[in-house]
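Just so it is clear, the model here is predicted, and its values are computed rather than measured. Every chain is numbered from 1 and lettered A, B, ... according to where its sequence line falls, protein lines coming before strand lines.
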Protein chains: 2
Amino acid sequence: MGRRNFGQYCGLARALELVGERWALLIVRDLAVRPRRYTDLLDGLRGIPTSMLSTRLKELEQGGVIERRVAPAPRRGIVYALTPDGRGLEPAVLALGRWGTSRLGDPRQGDIVTPESLTMTMRAAFNPDAARRLNAAWEIHAADIVVHAVVTGGSLQAGTGPSPVGPDLTITFVSDDLPSFRALIQAAKCGLVKLSGRQKFLNTFVHTFTPRSPASPASEPDQA
Amino acid sequence: MGRRNFGQYCGLARALELVGERWALLIVRDLAVRPRRYTDLLDGLRGIPTSMLSTRLKELEQGGVIERRVAPAPRRGIVYALTPDGRGLEPAVLALGRWGTSRLGDPRQGDIVTPESLTMTMRAAFNPDAARRLNAAWEIHAADIVVHAVVTGGSLQAGTGPSPVGPDLTITFVSDDLPSFRALIQAAKCGLVKLSGRQKFLNTFVHTFTPRSPASPASEPDQA
DNA sequence: CCGAATCCGCAGTGATACTG
DNA sequence: CAGTATCACTGCGGATTCGG
């Protein structure tokens with residue numbers, strides 16, 4: 001049994017061998033938003049050593065989770081993207097993120113929020129039941145971060161940057177606090193946000209991104 | 001920023017700080033099946049150093065994921081169990097397990113299967129849609145492992161040991177191969193299993209534990 | 001037997017500097 | 001922009017030992 005091998009024929013053990021190393025799932029998180037370059041990833045993963053990033057990228061490529069691509073015309077170079085298999089990790093990443101979000105507490109000194117973490121937090125918070133038969137587009141501005149969420153026929157497209165379609169409502173987070181999704185929802189509930197567009201979409205936003213509580217229809221453990 | 005701190009105000013980052021260390025999620029997997037003692041955990045986690053297990057148990061307790069309990073009468077001592085917060089990890093563990101299962105390939109030399117990994121694999125493979133309006137109980141025997149699955153009103157109770165209710169069907173895996181869930185399903189499809197009980201429940205078993213394919217209703221990434 | 005603590009050697013990690 | 005190189009440090013794996 002090699003060092004990073006658990007020696008068990010088990011899906012969880014295999015998953016942890018492939019993406020269980022430090023930083024790996026945060027790289028997957030950022031790439032789940034969109035393909036990114038090496039230096040983009042460095043920016044979004046505060047404190048990761050450059051050597052570690054390049055090691056992880058090689059391991060993830062080897063493991064079939066990501067792939068290197070040659071970037072198209074305007075700014076050439078290399079971009080990293082999830083493979084189809086890698087995209088299959090998104091449900092697991094969102095599930096872990098939901099659990100962690102419930103245990104977040106208050107921001108710690110020095111904590112940051114990135115456009116990618118904010119986008120994935122929105123995807124994790126998305127409530128498909130509340131979004132049935134809904135068509136809406138929001139654009140969120142918080143500090144220097146811009147993200148968007150577009151709901152079409154009950155399914156969500158969330159990403160960084162301005163909305164690809166004209167947003168129904170633009171929400172600007174005006175507090176000096178960390179521009180976390182939690183703080184944004186709080187501010188929205190209290191009306192402490194600047195709005196531009198169809199204001200009734202504010203309430204829809206809050207409900208669309210309040211996750212249904214039990215999080216899963218999975219079986220209950222027979223805990224004594 | 002401490003060593004195991006990612007410095008991001010993000011649910012995924014927080015989750016990885018709490019359960020991202022080596023072995024931690026495998027401990028959670030085993031405790032999700034039922035509370036276990038220190039030595040039970042050692043048995044189920046092949047190759048974990050004793051010092052590491054005790055360190056992880058302390059960290060997980062500190063993080064509010066597990067708790068120590070004094071075991072009841074017959075065999076006293078200490079048992080470890082998931083807290084309610086810890087039980088909230090199950091959807092994430094199952095999602096990661098599903099992804100890993102899809103990338104398992106063939107068993108490697110020396111791989112083992114434990115009752116706990118088999119139980120969690122069954123929970124991960126469970127298809128609620130196929131189990132609507134179903135009531136059934138199976139007992140699985142494979143090598144020296146016994147596990148059970150009881151479906152009542154569309155929801156699953158899966159655990160180790162004999163079925164708590166009289167099983168409709170007992171399935172015995174007779175091959176010399178590793179008694180993995182995958183091999184069991186294969187064998188069941190080919191009729192290479194010994195049956196005892198109502199044989200028509202074999203087909204029901206296969207369909208109930210074939211997961212629906214896309215695995216999640218979550219949003220698609222806007223991959224270029 | 002259960003439930004660890006201790007010790008050692010090495011591999012993975014973090015910080016900084018440097019290169020094509 | 002996209003990484004390597006170096007080096008100190010800490011976490012991990014393996015074995016042994018120790019107290020209830």
Side-chain angles (χ1 to χ4, degrees), chain A residues 1-8 13 16-27 30-31 35-63 66-81 110 112, chain B residues 1-8 13 16-27 30-31 35-63 66-81 110 112:
Chain A
M1 175 171 71
R3 189 155 190 323
R4 37 186 24 157
N5 219 324
F6 289 106
Q8 301 205 356
L16 293 173
E17 289 166 7
L18 289 164
V19 296
E21 305 292 319
R22 192 161 164 78
W23 297 105
L25 279 182
L26 290 179
I27 295 172
D30 282 8
L31 294 182
R36 313 208 77 203
R37 325 176 150 266
Y38 184 86
T39 41
D40 297 335
L41 290 167
L42 272 184
D43 289 345
L45 301 170
R46 248 236 328 221
I48 191 175
T50 59
S51 54
M52 169 121 309
L53 178 57
S54 86
T55 303
R56 285 287 172 274
L57 289 171
K58 259 174 246 159
E59 291 166 354
L60 290 171
E61 186 185 3
Q62 172 94 13
I66 70 174
E67 61 188 10
R68 304 164 116 252
R69 294 184 189 161
V70 176
R75 294 168 61 225
R76 264 165 313 172
I78 295 155
V79 296
Y80 294 90
I112 61 170
Chain B
M1 175 172 75
R3 186 154 188 328
R4 35 187 27 156
N5 219 319
F6 289 106
Q8 301 205 356
L16 293 174
E17 289 166 8
L18 289 165
V19 296
E21 305 293 319
R22 191 161 166 78
W23 296 104
L25 279 182
L26 290 179
I27 294 172
D30 281 8
L31 294 182
R36 312 208 78 203
R37 329 176 148 266
Y38 183 86
T39 40
D40 296 336
L41 290 167
L42 272 183
D43 289 346
L45 302 170
R46 248 242 320 232
I48 190 174
T50 63
S51 53
M52 170 119 309
L53 177 57
S54 87
T55 304
R56 285 289 171 271
L57 289 171
K58 260 174 246 158
E59 291 167 355
L60 290 171
E61 186 185 5
Q62 172 92 14
I66 68 174
E67 61 188 10
R68 306 163 116 253
R69 293 184 190 164
V70 176
R75 292 168 63 223
R76 266 165 312 172
I78 296 157
V79 296
Y80 294 90
I112 61 170

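- Contact between R37(B) and A71(B) at its shortest, heavy atoms only, is NH2-CB, 3.8 Å.
- To the nearest angstrom, C1' of dG3(D) lies 13 Å from CG of L41(A).
- Atom-to-atom, CZ of R37(A) to C1' of dA2(D) comes out at 10 Å; the value is rounded to the nearest Å.
- Close to dA4(C), at under 4.0 Å from its OP1 or OP2, lies a side-chain N or O of R68(B).
- When all heavy atoms of R36(B) and D30(B) are compared, the pair lying nearest together is CD-O, 3.9 Å.
- Between R56(A) and dG14(C) there is no side-chain N or O to OP1 or OP2 distance below 4.0 Å.
- Across all strands shown, L42(A) has no heavy atoms under 4.0 Å from either base or sugar-phosphate atoms.
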TODO: List the protein contact pattern of nucleotides 15-20 of chain D with one symbol per nucleotide (5' to 3'): B for base contact, S for sugar-phosphate-only contact, - for none; contact means a heavy-atom distance under 4.0 Å.
DONE: BB----

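- Legend: residues meeting side-chain contact (heavy atoms from CB on, under 4.5 Å) with I48(B), ordered by chain and number and at least two apart, are W23(B), L42(B), L45(B), M52(B), L53(B).
- Protein atom CZ of F6(B) is 8 Å distant from nucleotide atom P of dG14(C), rounded to whole Å.
- Contact annotation: W23(B) side-chain N/O to dG11(D) OP1/OP2 distance is not under 4.0 Å.
- Where the helix from dC1(C)-dG20(D) to dG20(C)-dC1(D) starts and where it ends, the local axes point in directions that differ by 30°; five pairs per end, rounded to 10°.
- Remark: S54(B) engages Y38(B), K58(B) in a side-chain contact (heavy atoms from CB on, under 4.5 Å) (not counting sequence neighbours).
- Listed by chain and number, the residues in a side-chain contact (heavy atoms from CB on, under 4.5 Å) with D43(A) amount to none (sequence neighbours excluded).
- For the OP1/OP2 pair of dG14(C) and a distance below 4.0 Å, the side-chain nitrogens and oxygens of R22(A) include at least one atom meeting the criterion.
- A close approach under 4.0 Å does occur between a side-chain nitrogen or oxygen of K58(A) and OP1 or OP2 of dT4(D).
- In this entry the distance linking CD of E59(B) with P of dC12(D) reads 7 Å, nearest Å.
- Taking atom CD1 on I48(B) and atom P on dG11(D), their separation rounds to 16 Å, with Å as the unit.
- Summarising the geometry, the separation between CZ on R69(B) and C1' on dG3(C) is reported as 18 Å, rounded to the nearest angstrom.
- In terms of phosphate contacts, Y80(A) brings a side-chain nitrogen or oxygen within less than 4.0 Å of OP1 or OP2 of dG3(D).
- By the side-chain contact (heavy atoms from CB on, under 4.5 Å) test, R68(B) pairs with E61(B), I78(B), Y80(B), sequence neighbours left out.
- E21(A) meets the side chain to side chain donor-acceptor pair (under 3.5 Å) test with R4(A); sequence neighbours excluded.
- Heavy-atom minimum distance, V19(B) versus L25(B): O-CG, 3.5 Å.
- When the side-chain nitrogen and oxygen atoms of S54(B) are compared with OP1 and OP2 of dA5(C), one or more of them lie within a distance under 4.0 Å.
- Residues satisfying the salt bridge (Lys or Arg N to Asp or Glu O under 4.0 Å) criterion with E67(B), sequence neighbours excluded, are R69(B).
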